[in-house]
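I have placed the structure first, in the form of structure tokens, so that the comments after it can refer back to it.
To find a chain, count down the sequence lines: A is the first, B the second, and so on, and within it residues start at 1. Every value quoted in this text rests on a predicted model; they were computed, and no experiment measured them.
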Number of protein chains: 2
Amino acid sequence: MNIGDVAALTGLPAKTIRYYEEIGLITPRRDTNGYRRFGEGEVHKLGFIGRARSLGFSIEECRTLLALYEDRNRASADVKRIAQGHLELVDAKIAELKAMRATLGHLVESCAGDHRPDCPILEDLAVRPHKPQEERG
Amino acid sequence: MNIGDVAALTGLPAKTIRYYEEIGLITPRRDTNGYRRFGEGEVHKLGFIGRARSLGFSIEECRTLLALYEDRNRASADVKRIAQGHLELVDAKIAELKAMRATLGHLVESCAGDHRPDCPILEDLAVRPHKPQEERG
DNA sequence: CCTAAGGGTTCCTCCAACTGGAAGGTCAAG
DNA sequence: CTTGACCTTCCAGTTGGAGGAACCCTTAGG
């Protein structure tokens, strides 16, 4: 199996697969012509990584998860800790974005958006000693 | 005013302020000794940028907003369009994170997190043809 | 034989938005 | 004079790849 087939199977770009090899996530064999040759194991690993990435795990978390996956003696607690930590990070990010969204939403609503120059958005950016306002309607 | 004072006033790291000069967001004068000298204008600009950044606007968006701010003939519609576009991006990001959070939350809940090796999180990453599961149990 | 296509390979640069650190100049105080 | 805080420049690294150049391999067709 060449890299193109693996890309099609896993949905990962070939570039990404090469990159994953470069950083040591996978180590496919080589044909005599220098082409990477992938077996089921590699494809499976790449699928695993792809799914973990799509859940927002960092590359290093993926590396750890993969190691745990291949360790038949792992404790599920180790995995759960990583997932939990990541979950908290995601929650924090969501909260941050929501705060941004609230402020931004208020500003957008308050702006007439016409040909005139008066703009509450710019005024706010210009002077407000930025603590995100909650409600003031 | 030296860069340290400006950093204290605006809350931006000195490194960041230097970076903003490098990319042309600001152009402070120089003292004879080579130190950057900041006036009120610069400090005001930096505050503006800092607040815009904290709302998630990109540097290039900040550049545009700043230009609009300084253009007395701008139309508020131009500003609103940028903010609106950014708002949609933020909403998309939130939605994406929420989807991740949901899947991740299910997985974390379903994992015992003890000394045993059985782990639904790893099993899911290993085999699931990843469409985020909604509800199941 | 040559050619063209569609793989593959390596290597290098670039992205955002900084951050860290090294090596060195400047300034005010003791 | 020395110390320490501040400033300067420049270089490298971060995350997770994307883009592209230059070149090799393979196969099909004429």
Sort and list the pairs that fulfil salt bridge (Lys or Arg N to Asp or Glu O under 4.0 Å) and have at least one residue in residues 106-115 of chain A, not counting sequence neighbours.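 Sorted pair list: D114(A)-R116(A).
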
Quick check for you: name the first and last nucleotides of DNA chain C, 5' to 3', having an atom under 4.0 Å from a heavy atom of chain A.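 Here the contact window of chain A covers dG7(C) to dT10(C).
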
May I ask you to decide if [Y]'s main-chain N or O and [X]'s side chain share a donor-acceptor pair within less than 3.5 Å?
{"X": "D71(A)", "Y": "N73(A)", "result": "yes"}
{"X": "S76(A)", "Y": "C119(B)", "result": "no"}
{"X": "N2(A)", "Y": "G4(A)", "result": "no"}
{"X": "R51(B)", "Y": "L125(A)", "result": "yes"}

[X]: what forms a side chain to side chain contact (heavy atoms under 4.5 Å, CB included) with it, not counting sequence neighbours?
{"X": "Y69(B)", "result": "L122(A), A126(A), H44(B), F48(B), R74(B)"}
{"X": "E96(A)", "result": "K93(A)"}
{"X": "Q84(B)", "result": "V108(A), K80(B), L87(B), E88(B)"}

Does any residue of residues 24-43 of chain B have a heavy atom under 4.0 Å from DNA chain D, and if so, which ones, in number order?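 Contacting residues: R30(B), G34(B), Y35(B), R36(B).
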
Which residues in residues 81-89 of chain B have a heavy atom closer than 4.0 Å to any atom of DNA chain C? none

Round to a whole Å and report the spacing from CG of N2(A) to C1' of dC24(D). 14 Å

Taking only distance into account, with no hydrogens and no angle test, what donor-acceptor pairs under 3.5 Å do side-chain atoms of residues 56-65 of chain B form with protein atoms, sequence neighbours excluded?
from, atom 1, to, atom 2, distance (Å)
S58(B), OG, E60(B), N, 3.4
S58(B), OG, E61(B), N, 3.1
E60(B), OE1, R63(B), NE, 2.9
E60(B), OE2, R63(B), NE, 3.4
E60(B), OE2, R63(B), NH2, 3.2
E61(B), OE1, S58(B), N, 2.8
R63(B), NH1, I23(B), O, 3.0
R63(B), NH2, I23(B), O, 3.1
T64(B), OG1, E60(B), O, 3.0

With a cut-off of 6.0 Å (strictly less than), are more than 12 heavy atoms of other residues, nucleotides or ligands near CZ of R30(A)?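 Buried by this count: over 12 neighbours within 6.0 Å.
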
Testing the basics here: between G113(A) and A77(B), what is the closest heavy-atom pair and its distance to 0.1 Å? O-CB, 3.3 Å

B/S/- contact track for nucleotides 13-23 of chain D, protein heavy atom under 4.0 Å: ---BBSBB---

Five-pair end axes of the helix from dC1(C)-dG30(D) to dG30(C)-dC1(D), angle between them (10°): 30°

Would you classify I23(B) as touching base, sugar-phosphate or nothing, given that sugar-phosphate means primed atoms plus P, OP1 and OP2, and contacts are heavy atoms under 4.0 Å? nothing

Residue pairs fulfilling side chain to side chain donor-acceptor pair (under 3.5 Å) with at least one residue in residues 5-19 of chain A, sequence neighbours excluded: none

Got a sec, which residues hit side chain to side chain donor-acceptor pair (under 3.5 Å) with R72(B), two or more places apart in sequence or on another chain? none

With a 4.5 Å limit on heavy-atom distance, are the side chains of V90(B) and H86(B) in contact? yes

Can you tell which of D124(A), I121(A), L107(A) makes a side-chain contact (heavy atoms from CB on, under 4.5 Å) with L55(B)?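 Single side-chain contact (heavy atoms from CB on, under 4.5 Å) partner of L55(B) among D124(A), I121(A), L107(A): L107(A).
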
